[in-house]
Structures are given as structure tokens and as C-alpha cells.
Amino acid sequence: RRARLRGARAGYEGNISRDTSFFLTMGYNSAKNTRVDGQIANVPRFTSEAGVQYLNEAGWFVQPSMYFQSSRRRPD
């Protein structure tokens with residue numbers, strides 16, 4: 001095998017009101033080249049997203065969110 005991929009993801013959701021809810025997700029990734037014992041580039045180590053969701057009785061849905069990922073620049 002040339003690569004070992006590991007990761008974990010966790011999330012939480014909750015209600016603010018009858019029509020509005022929020023969410024938060026976080027992730028950890030590890031992509032390792034087993035031949036040279038180094039991390040593989042272009043795979044972010046940490047990711048996260050947070051936002052709110054709005055859905056009313058008429059069917060209107062809005063979901064603004066913010067996304068973060070750590071640096072993907074690492075030597076191979």
C-alpha cells in the first residue's frame with residue numbers, strides 16, 4: 001500500500017426557533033504516504049462548517065454558512 005487515509009467527523013445541530021436551526025461540523029483528515037512516511041499534499045488536515053437554516057411554511061429555504069479548511073500545502 002502506498003497511502004493510508006484516516007479521518008473523523010463530528011457534527012451538532014439544534015433549533016433556534018420553529019423555523020430556524022443551526023449546525024456545526026468539524027473534520028480531521030490524515031493522508032500519509034507510507035513509502036516515505038510523509039503527509040500527502042492537497043489534503044486539508046482540519047475542516048469545519050457552521051451555519052443556520054431557515055424553512056418557513058410557504059416552502060422558502062435559506063442556508064447561509066461559513067466553511068474553513070486548513071492549509072493544503074505540505075511537502076510530499
Side-chain angles (χ1 to χ4, degrees):
R1 297 187 316 193
R2 295 188 64 191
R4 182 177 351 161
L5 306 172
R6 294 180 178 170
R9 187 173 179 108
Y12 183 77
E13 296 183 21
N15 289 328
I16 298 172
S17 69
R18 184 175 151 240
D19 297 334
T20 309
S21 62
F22 68 93
F23 63 93
L24 173 65
T25 60
M26 301 171 84
Y28 169 79
N29 301 304
S30 175
K32 194 172 191 178
N33 184 337
T34 57
R35 290 190 179 177
V36 297
D37 197 32
Q39 293 292 321
I40 297 173
N42 296 322
V43 178
R45 181 66 59 115
F46 297 101
T47 61
S48 63
E49 184 177 16
V52 294
Q53 299 170 333
Y54 174 78
L55 175 63
N56 67 11
E57 291 180 10
W60 288 95
F61 177 75
V62 178
Q63 179 179 313
S65 65
M66 296 289 291
Y67 178 79
F68 167 80
Q69 73 179 24
S70 62
S71 174
R72 297 178 298 155
R73 295 181 56 193
R74 289 191 295 270
D76 284 334

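The figures that follow rest on heavy atoms only: side chains count, while hydrogens, waters and symmetry mates do not.
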Show me, pair by pair, the donor-acceptor contacts under 3.5 angstrom made by side chains of residues 49-57, not counting sequence neighbours?
unit_1: E49; atom_1: OE2; unit_2: S65; atom_2: OG; d: 2.9
unit_1: Q53; atom_1: OE1; unit_2: S21; atom_2: OG; d: 3.2
unit_1: Q53; atom_1: NE2; unit_2: Q63; atom_2: OE1; d: 3.1
unit_1: N56; atom_1: OD1; unit_2: A58; atom_2: N; d: 3.1
unit_1: N56; atom_1: OD1; unit_2: G59; atom_2: N; d: 3.1
unit_1: N56; atom_1: OD1; unit_2: W60; atom_2: N; d: 2.9
unit_1: E57; atom_1: OE2; unit_2: R18; atom_2: NH1; d: 3.3
unit_1: E57; atom_1: OE2; unit_2: R18; atom_2: NH2; d: 2.2

Heavy-atom closest pair, residues Q39 and A31:
OE1-O, 3.1 Å

Is the ring centre of F46 less than 6.0 Å from the ring centre of Y28?
yes

Give, for atom CZ of R4 and atom NZ of K32, the distance between the pair rounded to the nearest 0.5 Å.
5.5 Å

Got a sec, which residues hit ring pair (Phe, Tyr, Trp, His ring centres under 6.0 Å) with F68, two or more places apart in sequence or on another chain?
none

Please say whether more than 12 non-hydrogen atoms of neighbouring residues, nucleotides or ligands are located less than 6.0 Å from OH in Y12.
no

Closest non-hydrogen atom pair between I40 and N33, with its separation
CG1-N, 3.7 Å

For N15 and F22 the tightest heavy-atom approach is N-CE2, 4.1 Å

